[in-house]
Protein chains: 2
Amino acid sequence: MRLPLKTEYACQVLAQLALTYDKDGVRQVEDLASAEDLSANYSVQILTTLRQAGLVNSRRGKNGGYQLARHPDEISLAEIAIAMEGETLVQSSPGNEGMSAAPVHAAWLRVNEAMLESCREISLTELIASPAEDTGAQDWVI
Amino acid sequence: MRLPLKTEYACQVLAQLALTYDKDGVRQVEDLASAEDLSANYSVQILTTLRQAGLVNSRRGKNGGYQLARHPDEISLAEIAIAMEGETLVQSSPGNEGMSAAPVHAAWLRVNEAMLESCREISLTELIASPAEDTGAQDWVI
DNA sequence: TTTAAAGTTGCGTAGTTTACTAATGTATTG
DNA sequence: CAATACATTAGTAAACTACGCAACTTTAAA
């Protein structure tokens, strides 16, 4: 069960926005994308989805850019994942005509709920890289 | 994040085996597959995986078939999912060179752990259809 | 000891999804 | 009105999923 890269990227971009939240940080796509090693074009698509979900605000034209809609403490991993993937994080099919299809589906619905709950308990603030340890991003070879 | 059909099918087939566990039920593929509305061919592949994981035993030749390796209470959804998909249920990529890649990955690892824990708490017994309500499987049209 | 039932293995593949790129449209500011 | 930056849509190569098929091996029973 692979977590879509798109969802991970969304987390990274939002983490990047969270870094400059208090500095009234309006950031441009190019800036965000390069900081997270993503293509600008793809980042735009992700940011558009996040805007439609109400997690970020955007401004067009010169000096435009993106900005978190709320304080990083008030944005949970659950909201991010739901914005990218829809309400059910663990999509199990209501299924075929098999005798056990229904109870199996019900069980996975419970798992989905547990996962959602776990995602609600993680805030965007926890996704920010601690400036002390740049964790490999600055590793470079001559 | 779609739960693979293969994993759901594995649950259904095992639930079917659990139904006849106390009756020393050795069941044949054709039987299991039709009860769960699956193709026999595909079910074989699933059952083979489950056997390699040690969840079922098989006997070849005439009067062969499959059988649960343990009591349904002693088999958890976690074991089933791991048998089909590997240790990590929520696979997040350790990722790119982005600044926030590491903390984001760490967060999803926590979610994975929560999901695993939730799956450990659901036993195969809970996947058995209650005989009272056949929940749609017997619906038929002339 | 034949024979047929039943599991085992591996290959092939159509259809879908993912992770992008690219091109074009639209709003904002100086 | 021109430069800038977000918005939207279309297109696509690669990977993955959910199967089907066929050849092989094992075992019980006749």
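In what follows, chains are A, B, ... by sequence order, proteins preceding strands, each numbered from 1.
- Between Glu36(A) atom CD and dC20(C) atom C1' there is a gap of 18 Å when expressed in whole angstrom units.
- For dC20(C), the OP1/OP2 oxygens have a side-chain nitrogen or oxygen of Tyr9(A) closer than 4.0 Å.
- In terms of position on DNA chain C, the residue among Ser39(A) and Gly65(B) whose nearest nucleotide sits closer to the 5' end is Gly65(B).
- In the set dA18(D), dA29(D), dT8(C), dA29(D) carries the atom at the smallest distance from any side-chain atom of Asn63(B).
- Here the options are Leu68(B), Ile75(B), Ile128(B), Leu124(B), the test is side chain to side chain contact (heavy atoms under 4.5 Å, CB included), and the partner is Tyr21(B); only Leu68(B) passes.
- Where Thr48(A) and Gly61(A) each meet DNA chain D at their nearest nucleotide, the meeting point lying more 5' is that of Gly61(A).
- Side-chain atoms of Lys6(B) lie closest to dA18(D) of the nucleotides dT8(C), dC6(D), dA18(D).
- Donor-acceptor pairing under 3.5 Å is recorded for the side chains of Asp73(B) and Thr125(B).
- Proximity note for Lys62(B) (side chain, C-beta onward) versus dA5(C), dT8(C), dA7(D): the nearest is dA5(C).
- At the heavy-atom level, Asn41(A) lies under 4.0 Å from base atoms of the strands shown.
- In this structure, Gln45(A) reaches the bases: a heavy-atom distance under 4.0 Å links it to at least one base atom across the strands shown.
- Comparing Ala40(A) and Arg60(A) against DNA chain C, the residue whose closest nucleotide sits nearer the 5' end is Ala40(A).
- Within the 4.0 angstrom heavy-atom criterion, only backbone atoms of the sugar-phosphate kind lie near Arg59(B); the bases stay farther away.
- Tyr42(B) places its OH atom 11 Å from the C1' atom of dC16(D), with the value rounded to the nearest Å.
- When rounded to the nearest whole Å, the span between CZ of Arg51(B) and P of dT26(D) equals 13 Å.
- Contacts of Val29(B) with the nucleic acid, taken as non-hydrogen atoms under 4.0 Å apart, involve only primed sugar atoms and P, OP1 or OP2.
- In this structure, Glu85(A) does not pair ionically with Lys6(A), as no charged nitrogen and carboxylate oxygen lie closer than 4.0 Å.
- A salt bridge is absent between Glu113(A) and Arg110(A); no separation between the charged side-chain nitrogens and carboxylate oxygens falls under 4.0 Å.
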